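Here is the structure we will look at.
Quick caveat, the model's predicted, so the values are computed rather than measured. In what follows, chains are A, B, ... by sequence order, proteins preceding strands, each numbered from 1.
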Protein chains: 2
Amino acid sequence: MISKKTKYGLKALGYLAKQKSDGPVQISSIAKSENISQKFLESILLTLRKAGFLGSKKGKGGGYYLLKNPDEIKIASIYRTLEGPIAMVPCVSLNFYEKCNDCDSEKECHVNHLMIQIRDNTLAILEKNTLADFIKK
Amino acid sequence: MISKKTKYGLKALGYLAKQKSDGPVQISSIAKSENISQKFLESILLTLRKAGFLGSKKGKGGGYYLLKNPDEIKIASIYRTLEGPIAMVPCVSLNFYEKCNDCDSEKECHVNHLMIQIRDNTLAILEKNTLADFIKK
DNA sequence: GTTAAAGTCTACTACTCTAGTAGAGTAATC
DNA sequence: GATTACTCTACTAGAGTAGTAGACTTTAAC
């Protein structure tokens with residue numbers, strides 16, 4: 001299960017990617033269109049800005065805008081920024097690896113082997129799809 | 001990310017599936033072998049017994065044992081018992097479906113479409129693998 | 001240069017879930 | 001009847017989720 005933070009973040013990025021004009025879009029527009037609490041969305045967009053996905057402009061006529069083309073933004077990188085690891089167990093994560101303290105050997109852990117299969121499949125989908133693909137389907 | 005409950009449950013079932021003899025296995029043996037808190041494992045095994053995966057015997061010489069052959073137990077059904085939905089969003093879950101309150105139409109929701117892909121892939125792996133496959137790899 | 005608009009940042013909160021722990025109760029065996 | 005081992009209830013610390021409140025800063029327009 002992913003958090004609402006991730007879900008809302010994806011929806012917001014999709015909304016920005018679908019904009020015809022290049023100008024900044026206000027948080028309130030996104031929040032209204034996607035049925036998201038504006039204050040909650042603020043913090044999510046801030047995270048995405050700090051991670052380098054979005055630029056922002058303050059004051060009147062301000063808002064958020066994508067810093068790259070939608071076809072250059074992988075869903076996997078968005079996911080990792082908002083949700084964290086893609087893997088289901090830390091000992092299988094590529095970017096957030098942690099050793100299990102209940103396993104002596106990962107090579108002999110059946111859970112590890114199973115979760116590697118799932119991670120590989122999920123990762124393939126998230127790496128293959130860009131924000132441009134995301135808004136097409 | 002899956003909970004430790006699910007992870008420990010899978011390990012415990014794997015341990016039982018690997019037993020040579022048919023007799024019941026004590027919680028303490030499983031807990032020691034898999035490095036799991038015994039009290040925590042108790043509650044997990046109880047859940048698995050109530051879900052029909054395990055039988056139990058009280059008193060001396062008692063313990064837990066599998067009610068079916070390992071090749072008849074799908075990992076998907078274990079996962080659903082311990083973790084809940086396999087899908088990453090409730091609106092995509094087959095067994096734990098819930099409507100999103102921020103989406104008017106699921107057909108037009110990009111998140112929905114993406115998560116269906118991931119669910120289908122993950123589900124295929126979990127349905128294909130039985131407990132017998134699980135302990136082989 | 002004041003006002004209004006819009007993002008920024010900090011702090012706080014209610015609620016739920018996780019990963020347990022403690023301890024009494026029940027059933028089976030010797 | 002004592003011991004062994006599962007059963008069940010209750011409790012807990014800590015973390016995470018999904019926000020809310022409010023003050024602050026920057027920008028643009030009048």
Side-chain angles (χ1 to χ4, degrees), chain A residues 1-12 16 23-51 53-67 81-85 88-90 96 98 100-102, chain B residues 1-12 16 23-51 53-67 81-85 88-90 96 98 100-102:
Chain A
M1 285 280 154
I2 58 169
S3 62
K4 298 218 165 177
K5 184 172 154 192
T6 301
K7 189 189 174 195
Y8 292 164
L10 284 170
K11 287 178 81 173
L16 289 173
V25 179
Q26 294 167 33
I27 298 175
S28 59
S29 303
I30 308 174
K32 208 168 287 177
S33 168
E34 303 295 332
N35 291 306
I36 305 170
S37 145
Q38 179 167 339
K39 272 293 188 183
F40 189 29
L41 183 58
E42 278 181 20
S43 69
I44 298 169
L45 295 180
L46 213 49
T47 302
L48 290 170
R49 200 211 64 185
K50 286 176 182 168
F53 293 103
L54 298 176
S56 66
K57 201 186 161 198
K58 287 186 177 183
K60 192 162 191 176
Y64 281 97
Y65 50 90
L66 290 175
L67 285 176
T81 298
L82 295 173
E83 191 69 23
M88 282 184 165
V89 281
F96 300 83
E98 272 176 61
C100 305
N101 42 16
D102 57 307
Chain B
M1 283 279 155
I2 59 169
S3 61
K4 298 217 166 179
K5 184 173 153 193
T6 301
K7 188 188 176 196
Y8 292 165
L10 284 170
K11 287 179 80 173
L16 289 173
V25 179
Q26 294 168 35
I27 299 175
S28 59
S29 302
I30 308 174
K32 207 169 287 178
S33 169
E34 304 294 333
N35 290 306
I36 305 171
S37 144
Q38 179 168 339
K39 272 293 191 182
F40 189 27
L41 183 58
E42 277 181 22
S43 69
I44 298 169
L45 295 181
L46 213 50
T47 302
L48 290 170
R49 201 212 63 187
K50 285 175 182 168
F53 294 103
L54 298 177
S56 65
K57 202 185 161 196
K58 288 185 176 181
K60 191 162 192 178
Y64 281 98
Y65 50 91
L66 290 175
L67 285 176
T81 298
L82 295 173
E83 191 69 22
M88 282 184 165
V89 282
F96 299 84
E98 270 176 62
C100 304
N101 41 16
D102 57 308

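The shortest distance between side-chain heavy atoms of A:F53 and A:T81 falls below 4.5 Å. Between B:I44 and B:T6 there is no side-chain heavy-atom pair separated by less than 4.5 Å. Side-chain contact between B:S43 and B:K5 is absent, with no heavy atoms from C-beta onward closer than 4.5 Å. Side chains of B:Y8 and A:D102 form a contact here, defined as non-hydrogen atoms less than 4.5 Å apart. A:L82 has its side chain within reach of A:L48: a pair of non-hydrogen atoms, C-beta onward, lies under 4.5 Å apart.
Separating the CG atom of B:D102 from the C1' atom of D:dA18 is a distance of 13 Å, rounded to the nearest angstrom. Per the geometry, CD1 belonging to B:I44 stands 9 Å off P belonging to C:dA19, to the nearest Å. When the C1' atom of C:dA6 is taken as reference, atom CG of A:L41 falls 13 Å away, rounded to whole Å. Following rounding to the nearest Å, A:Y65 (OH) and C:dG7 (C1') show an atom-to-atom distance of 12 Å. Atom pair B:L82:CG and C:dA19:C1' shows a separation of 14 Å (rounding to whole Å applied). Regarding A:L46, its CG atom lies at a distance of 13 Å from the C1' atom of C:dA6, rounded to whole Å. As a whole-Å value, the separation of A:K50 NZ from C:dT10 C1' is 11 Å. Atoms CG (B:N101) and C1' (D:dG19) sit 14 Å apart, rounded to a whole Å.
Both A:Q38 and B:K39 lie close to DNA chain C; mapped to their nearest nucleotides by heavy-atom distance, the more 5′-ward contact belongs to A:Q38. Between B:I27 and A:I2, the residue anchored closer to the 5' end of DNA chain D is B:I27, taking for each the nucleotide with the nearest heavy atom.
For B:S37, a side-chain nitrogen or oxygen approaches OP1 or OP2 of C:dT21 to under 4.0 Å. Considering only side-chain N and O atoms, B:Y8 lies nowhere under 4.0 angstrom from the phosphate OP1 or OP2 of C:dA19.
The side chain of B:F40 lies closest to C:dA19, out of C:dA22, C:dC9, C:dA19. Listed candidates were D:dA18, C:dA19, C:dC9. Nearest to the side chain of B:K4 is C:dA19. When distances are taken from the side chain of B:S3 to each of D:dT20, C:dA19, D:dA5, the shortest belongs to C:dA19.
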Nucleotide N/O of nucleotides 28-30 of chain C paired with protein N/O under 3.5 Å:
from   : atom 1 : to    : atom 2 : distance (Å)
C:dT29 : OP1    : B:K57 : NZ     : 3.1

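Heavy-atom minimum distance, A:M1 versus A:E83: O-OE2, 3.9 Å. B:Q38 and B:S28 get closest at one heavy-atom pair: OE1-CB, 3.6 Å.
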